[in-house]
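Bear in mind the structure is a predicted one, so any value in this text is a computation, not a measurement. Naming convention: chains lettered A, B, ... in sequence-line order (proteins, then strands); numbering from 1 in each chain.
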Number of protein chains: 2
Amino acid sequence: MATFRLALIQLHVSSIKSDNVSRACSLVREAAKQGAKVVSLPECFNSPYGTNYFPEYAEKIPGESTQKLAEAAKENSIYLIGGSIPEEDAGKLYNTCAVFGPDGSLLVKHRKIHLFDIDVPGKITFQESKTLSPGDSLSTFDTRTYHISLPLTVVIPEKSRRLTSHVCIFCLETAYCRVGLGICYDMRFAELAQIYAQRGCQLLVYPGAFNLTTGPAHWELLQRARAVDNQVYVATASPARDDKASYVAWGHSTVVDPWGQVLTKAGTEEMILYSDIDLKRLAEVRQQIPISKQKRADLYAGTIKENLYASLPGAVTPFPTKATRNDSEVLAVTGQFPTGGRTPHPHNG
Amino acid sequence: MATFRLALIQLHVSSIKSDNVSRACSLVREAAKQGAKVVSLPECFNSPYGTNYFPEYAEKIPGESTQKLAEAAKENSIYLIGGSIPEEDAGKLYNTCAVFGPDGSLLVKHRKIHLFDIDVPGKITFQESKTLSPGDSLSTFDTRTYHISLPLTVVIPEKSRRLTSHVCIFCLETAYCRVGLGICYDMRFAELAQIYAQRGCQLLVYPGAFNLTTGPAHWELLQRARAVDNQVYVATASPARDDKASYVAWGHSTVVDPWGQVLTKAGTEEMILYSDIDLKRLAEVRQQIPISKQKRADLYAGTIKENLYASLPGAVTPFPTKATRNDSEVLAVTGQFPTGGRTPHPHNG
C-alpha cells in the first residue's frame, strides 16, 4: 500500500480555549470517519494568535489541551499533528507542535525554530520574539503499519481446539512515510526542508497562519517551492480566516504534490481538507527528474550540523510497533478486524 | 544610483550559426540603444539544442561566436551574458556561458554544472550527458561603475593653462551588483542559488531552454522560488519557441523581483524583454523580512565546500576598474561624456 489519506483541519479559532479544543477534537473525529489516517490541526489552534495571548494561553506539554489530543488520536486510531499551542516550559514560552500516535503516545514535539519577526511598513509588523523563545531542534516522525495487541481466543476449526494468543486486533495500514515538521515561518527557510528531504521525509507538514500580506504573496509559492525542490508532498494547515481577530489568518490550507502541483486548497472558512498522499507518485517524480542523485556533493556540502543528527527523533528512534506476530500462528480469529475481514498484515519495519 | 536596466534577448535560434550570432548581436545593439546596461542571450543561442548538434556546433572560447560577443559588448558598452554555446576544450564538450565586460574583456565563463538528464515517459526524455561534460565551478561577476581612461587635454579656464592627464572618458554607471550564473537545469538546484546569495549576489541570471513539459510545470515556479528564498532578482533568457525544432523551447523569458513577484514575462516569439533592476527595492525586502539574518547557523551549516570559495571569480577577484581618478584633479574636460555632461563619478569599490 502506497497511499494514505491526510486531513487538514482549518479550524475557526476563538478566544475560548476549551471551545477551540473540543471543536478541534470533534473535527478530528469527523476526519477519521472519512478515512484520514494522518490529521493536522492549524498553528495556534487553542489560542488567538498574538504575543499578548501567548502567556495567558500557554500550557505545559503534556497539559490540558494536549491531553485531549492524545485521547483523540487514540480514540480515532490516527496520527494527530497537533498544529501548535503556546507552550510553557521552565519559565520560557514556545510555539510548539505535539504529535500523537494512534495509541495516544506523544511521538515528537516540534518547537518553532524560526520566530516570526517581520516589519512590512503599513502592512504587517509582528515580533514573536517579544514573548517566545525559539526551538533548537528539527523534528520528524514516521507513520507505518501499527499494531495493538490483545489476548484473544483463536479457533482452529479442523482440530476443534482453542488457544489463547496475543493477536493483532487493530491494524492501521498507513503507508510508511517519514514526516518533517515546521511551523509557519519555518517554511521560509529552505534549508530545513532540504535537511528533512535528505533524512528521508516524503511529506512536510507546516501548521501555519500567514496573513493578508504574506498570504497572497508567498503562502502557495513557498509550499510549491519546498515541494518541487525536494520532491516531497507539502501540506499546510491554517486557522480559518476571522476578519474580526487582531491577527487575521490567510486560511487556504493546501496540499502540494512532489511535482509542485496544488492538489487541493481550502477557502477561508472552517473546513476539513482531504488529500490522498500517494508515495508511488512521489517515487515516479523522483525517477523522472532525479535531482537528488544529480546534486553536486563535490561542489556543495550537506546542510545540517553533524551534532544535530542525533536530535532527529524520527530518524534515530523509529516509532515502535506494539506487537510482533507471525501470520502463520493464527488461522482464524473470533474478533472483528477493522480491515474488513482481510487478513491483517503485520509489519515491523 | 541603485537601478540599472536589464535586457533579455529571446532569440529565435536557427540551424545557421552565423545567422544566429549576427542576429543576436543586432538585438544586443538594439537593447543597448534602449538603455540596457546588462544584456543576456539565451541558452544555446548559436546552435539548435540537441546532443547531436553539440559536437558539430562546438567552439573554443575564445572562438568565432564569442569573439563577436566581445565586440558587441565593447561597441555597446554593456555587460553581455552570452547565453550559452556548446564549447570544446581538450576533447570535451561543455554547455558554456561566457560573460563580457563593457571593454570587451572576458569576465567569467560558466560551464553548466548540472547536466539535463531527465526521463518523463511519454513527455520528455533528454540526456545531455550523452555528449556533454559538466562544469566544476560556480560563477559570479560584478557590475559597477566602469572607466576607460585615455589621455586628454584638460583646460582650466581661469589660469588659461592646459595640461594633459589621463581622464575617464567613459562611465558606465551600472549600479554595483554581483551577478550569479546558472544555465537552465542548474536552476533546479536550490543550493547553487543559496551559495550565490550567501556570496553577495543580488541578481541571478539563468539562460535556459525549458520545454513544453517542464516549462508550464516549473519554469516560473523555480524562478519565483529562487527569488523569494534568497531575496534576489532572478532572470531567465530562453530561446523563442520554434514548433518545428527537434527540441521545442518554452520561451517566456522572465524577470522576478526579490519579493517573488513576476515583473515581466515574454511570450513565445523572438523579442527583447526589459526590466529595471532596483537594488533599493531589494534592500527594502531584506529589511522587511530579514530571513538571511534569521537563519539558524547553529542548526544548519553553510552549503559550499570550503575549497570552492577560491573558484568564485566574482567574489575573489572583483572586476577591476580601468582607471582611478580623483574628481578634484579635473575641473573641466574638453571631451564629451556619455552621461550627458554631468560630472562622472568614479568608483572603485
(message) Any side-chain to backbone donor/acceptor pair from A:Ser84 onto A:Cys44? Under 3.5 Å, distance only.
(response) yes

(message) Using a 3.5 Å distance criterion without hydrogens, assess whether the side chain of A:Asp278 forms a donor-acceptor pair with backbone atoms of A:Thr3.
(response) no

(request) Give the member of B:Leu221, B:Val285, B:Ile291 that has the highest number of heavy-atom pairs under 4.5 Å with chain A. (result) B:Leu221

(request) Considering only heavy atoms and a distance below 4.5 Å, find which of B:Ile289, B:Thr125, B:Ile118 pairs most often with chain A. (result) B:Ile289

(request) Count the heavy atoms belonging to other residues, nucleotides or ligands that lie under 6.0 Å from CD of A:Gln287, then report whether that count exceeds 12. (result)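 Counting neighbours around CD of A:Gln287, 12 or fewer heavy atoms of other residues, nucleotides or ligands fall under 6.0 Å, so no.
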
(message) A:Phe189 vs A:His114, test: ring-ring contact (aromatic ring centres under 6.0 Å, His included). Steps then yes/no.
(response) CA-CA 8 Å; A:Phe189 298 83; A:His114 303 92; 3.7 Å; yes

(message) Using the rule ring pair (Phe, Tyr, Trp, His ring centres under 6.0 Å), only one of B:Trp250, B:Phe210, B:Tyr247 pairs with B:Tyr49; which is it?
(response)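 Only one of B:Trp250, B:Phe210, B:Tyr247 forms a ring pair (Phe, Tyr, Trp, His ring centres under 6.0 Å) with B:Tyr49, namely B:Tyr247.
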
(request) Give the C-alpha distance, both sets of side-chain angles, the deciding distance and a yes or no for side-chain hydrogen bond (donor to acceptor under 3.5 Å, both in side chains) between A:Glu87 and A:Asn95. (result) CA-CA 6 Å; A:Glu87 178 199 8; A:Asn95 187 339; over 6 Å; no

(request) For each of A:Leu192, A:Thr214, A:Asp117, tally heavy-atom pairs with chain B at distances under 4.5 Å, and name the one with the top tally. (result) A:Asp117

Heavy-atom cut-off 4.5 Å, strictly under: side chain, backbone, both or neither for [X] against chain A?
X	answer
B:Val228	side chain
B:Leu222	side chain
B:Tyr185	side chain

(message) Can you tell me which portion of A:Asn230 sits under 4.5 Å from chain B's heavy atoms? Options are side chain, backbone, both or neither.
(response) neither

